[in-house]
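Worksheet: one structure, shown below.
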Amino acid sequence: MVHILPPKALSRGRRLLGLASLALAIATLAGCASVPPPDGAMNQALAQLQAARDAGAADYAPVDLDYAQAKFRQAQAAMASRKYEEAALLADESRADSELARAKARLGAARAQNTAKSKENSKMRVDMIDNHANDTVPIPNNVQESETVLPEPVDNTPPPAGGETLPLNNQGGQ
């Protein structure tokens, strides 16, 4: 037995199939478009990456800077593939790694400056000692060198309590 369908039924089925396909296509596109591109996260990651470079992370924290750069490159690739959620996560990781690299760079620079100042202070101490040794009067050959002892102060009374002091020109109640 062969059923012959009226022409209206055939076109109605095609219309329903077409509408279902269109609905599926719209749902697919809506699913892709539900996550907007993470432009703000990418901009923040790029700014932190540049700040880390400017702080000297290439010298003081190269491993952390490399991690940040690698994550940023991965985020850019995810953006190009329209994988916006993945790109946002990678951009945040890049930003965090950049902040760490920047902090380590600032710490390294401060330590280097501290070390340089300490070396400069040590050199100045040696120079002071050498200069002081050159400023002394030569000892005659017939005099033996001995340790110089300063005389004890004459007035051994402690200062007044409460931090009060007497004027210098007040001699014996004047």
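FYI, side chains are in, hydrogens and waters are out, and symmetry mates aren't considered; it's all heavy atoms of this structure. Given the structure is predicted, the values throughout are model-derived calculations rather than measurements.
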Checklist entry - Can you list every pair that meets salt bridge (charged side-chain N to carboxylate O under 4.0 Å, His left out) and has a residue in residues 57-79, with sequence neighbours left out? => result D64-K104, K71-E93

Next on the checklist: My understanding is that only one of D97, L49, L90 makes a side chain to side chain contact (heavy atoms under 4.5 Å, CB included) with F72; could you say which?
Outcome noted: L49

Next on the checklist: When you measure from the side chain of S98 to the backbone of A52, do you find a donor-acceptor pair of N or O atoms at a distance under 3.5 Å?
Outcome noted: no

Checklist entry - Roughly how far, to the nearest 0.5 Å, is OG of S118 from CD of Q113? => result 10.5 Å

Item to check | E99 CD to Q48 CD distance, which is reported to the nearest 0.5 Å | outcome: 4.5 Å

Next on the checklist: When you compare the side chain of R53 with that of Q69, does any pair of heavy atoms fall below 4.5 Å?
Outcome noted: yes

Item to check | Atom pair CD/OG of Q76 and S94 - distance to nearest 0.5 Å | outcome: 9.0 Å

Checklist entry - Quick check: are there more than 12 heavy atoms from other residues, nucleotides or ligands sitting under 6.0 Å from CD of E85? => result no

Checklist entry - Is the backbone of A110 close enough, under 3.5 Å, to the side chain of N114 for a donor and an acceptor to pair up by distance? => result no

Item to check | Other residues, nucleotides, ligands: >12 heavy atoms within 6.0 Å of R106 CZ | outcome: no

Next on the checklist: Give me the atom names and distance for the closest heavy-atom approach of D92 to A41.
Outcome noted: OD1-CB, 4.1 Å

Item to check | Over all atoms of both residues, closest heavy-atom pair of A45 and A91 | outcome: CB-O, 3.4 Å

Item to check | Flag side-chain contact, heavy atom, 4.5 Å: M42 against P37 | outcome: no

Item to check | Pair L46-Q50, side-chain contact (heavy atoms from CB on, under 4.5 Å): steps then yes or no | outcome: CA-CA 6 Å; L46 183 60; Q50 188 59 46; 5.8 Å; no

